[in-house]
Protein chains: 2
Amino acid sequence: MNPNRPSSNRPVYLKLRDQIAAAIIDGAYPEGAMLPSVRALAAEQGANPLTVAKAYQQFQNDGLVEVQRGVGMYVVRGAAERLRATERETFLREEWPEIRSRMQRLGLDPANLAVVL
Amino acid sequence: MNPNRPSSNRPVYLKLRDQIAAAIIDGAYPEGAMLPSVRALAAEQGANPLTVAKAYQQFQNDGLVEVQRGVGMYVVRGAAERLRATERETFLREEWPEIRSRMQRLGLDPANLAVVL
DNA sequence: ATGGCTGTATTATGGCACTGATGCACCTCG
DNA sequence: CGAGGTGCATCAGTGCCATAATACAGCCAT
């Protein structure tokens with residue numbers, strides 16, 4: 001009934017990007033470790049290798065990942081913390097205000113929902 | 001750096017839909033009142049009449065507006081409360097879980113940000 | 001050196017969502 | 001009845017997304 005902003009409707013390469021970013025922040029892909037190859041992750045996720053490459057692209061541009069041609073892509077030192085910092089800033093600046101006003105309109109209080117772990 | 005989910009990248013007809021829904025909930029479009037015509041709202045918002053019509057479409061399907069062909073569209077009785085209820089439910093079921101885990105990953109606490117009015 | 005693994009560039013294609021222009025059917029009011 | 005206001009259907013254009021099939025360039029262990 002409400003085609004809003006579920007992650008389902010997002011492009012694949014962006015969902016992959018978010019998923020990888022989460023893995024880096026959480027340490028599932030530790031610093032210095034090699035990321036799954038584009039072909040491997042593509043096979044695992046049932047996606048196209050180029051789509052995975054497009055997701056990886058963003059991290060190289062931001063210098064969070066180091067590419068060794070013919071070898072693989074490695075998580076740079078300090079990538080997790082740097083990534084969390086920028087994501088946090090972006091979230092607070094671009095997403096939270098809308099979410100906040102939206103919840104207020106719907107009569108919801110973030111403080112109450114916070115405890116729902 | 002982060003092509004995430006800002007309202008800027010959303011389709012126009014969905015932004016309009018949200019805006020109209022907010023107006024109904026807030027009482028800016030009172031129950032029983034006539035909505036702005038597709039052409040009027042289109043001109044005001046600098047959009048195409050069809051795009052506005054597409055935004056209105058959702059509300060007719062949900063029975064929140066009544067259409068009188070050749071006359072206009074009117075807000076149904078109880079539309080505001082019904083709209084708020086379903087929007088709240090949808091938000092809690094589809095959006096909040098992701099937001100919640102995302103904030104947790106970024107080290108943010110909704111309870112602290114709640115006071116930022 | 002060779003086979004097998006990396007990432008990457010190229011080109012083409014299909015699908016789908018979004019937007020837009022035009023015209024038609026309907027109603028109300030003078 | 002006719003003018004001007006409604007919503008709405010149809011058709012077309014555009015751009016992004018995802019996929020595919022190759023091919024190439026680099027590295028490494030056997």
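The structure displayed is predicted, hence computed values, not measured ones. Order of the sequence lines sets the chain letters (A, B, ...), proteins ahead of strands, with each chain counted from 1.
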Interatomic distance, B/Q60 CD vs D/dT6 P [rounded to whole Å]:
15 Å
Smallest separation among heavy atoms of A/Y74 and A/V71, with atom names
OH-CG1, 3.3 Å
Of all the heavy-atom pairs spanning A/P110 and A/L108, show the shortest one and how long it is.
CD-O, 3.7 Å
May I have the distance from A/Y56 (atom OH) to C/dA9 (atom P), rounded to whole angstrom?
16 Å
For the side chain to side chain contact (heavy atoms under 4.5 Å, CB included) test, which of B/I20, B/V65, B/T51, B/L16 pairs with B/Y56?
B/I20
Mark up nucleotides 17-23 of chain C, 5' to 3', with B wherever a protein heavy atom is under 4.0 angstrom from a base atom, S wherever such an atom reaches only the sugar-phosphate, and - elsewhere.
-SSBBBB
Those residues at least two apart in sequence (or on a different chain) that pass side-chain contact (heavy atoms from CB on, under 4.5 Å) with A/E81 are A/R84, A/R88
Rounded to the nearest Å, what distance is computed from the CD atom of residue B/E66 to the P atom of nucleotide D/dC8?
12 Å
Going by the salt bridge (charged side-chain N to carboxylate O under 4.0 Å, His left out) test, name the single residue among B/R82, B/R93, B/R17 that passes it with B/E87.
B/R17
Nearest 0.5 Å please: distance from the CE atom of A/M103 over to the CD1 atom of B/I99.
7.5 Å
Does B/L106 belong to the same Ile/Leu/Val/Met/Phe/Trp/Tyr cluster as A/W96, with side-chain heavy atoms less than 4.5 Å apart forming each link?
yes
Ignoring hydrogens, what is the shortest heavy-atom contact between A/L92 and A/P97? Give both atom names and the distance.
O-CD, 3.2 Å
Taking five pairs at each end of the helix from C/dA1-D/dT30 to C/dG30-D/dC1, what angle separates the two helix axes (nearest 10°)?
0°
Roughly, in whole Å, what's the span from CZ in B/F59 to C1' in D/dG7?
16 Å
Please check this pair: side chain of B/D109 against backbone of B/A111, looking for a donor-acceptor N/O pair closer than 3.5 Å.
yes
Please list, one pair per line, the donor and acceptor atoms closer than 3.5 Å that link side chains of residues 23-50 of chain A to other protein atoms, with sequence neighbours excluded.
| unit_1 | atom_1 | unit_2 | atom_2 | d |
| --- | --- | --- | --- | --- |
| A/D26 | OD1 | B/R105 | NH1 | 3.3 |
| A/D26 | OD2 | B/R105 | NH1 | 2.5 |
| A/E31 | OE1 | A/G78 | N | 2.9 |
| A/E31 | OE2 | A/G78 | N | 3.3 |
| A/S37 | OG | A/A40 | N | 3.0 |
| A/N48 | OD1 | A/L50 | N | 2.9 |

In whole angstrom, what separates B/L41's CG from D/dT6's P?
12 Å
Gap between atoms OH and P, on A/Y74 and C/dT6 respectively (whole Å):
10 Å
Please work out if A/Q57 contacts a base, only the sugar-phosphate, or nothing of the nucleic acid, heavy-atom cut-off 4.0 Å.
nothing
Per-nucleotide protein contact along nucleotides 25-30 of chain D, 5' to 3', at a 4.0 Å heavy-atom cut-off (B base, S sugar-phosphate only, - neither), is BBB---
Output all residues satisfying side-chain contact (heavy atoms from CB on, under 4.5 Å) with A/Q57, sequence neighbours left out; order by chain, then residue number.
A/Q60, A/N61
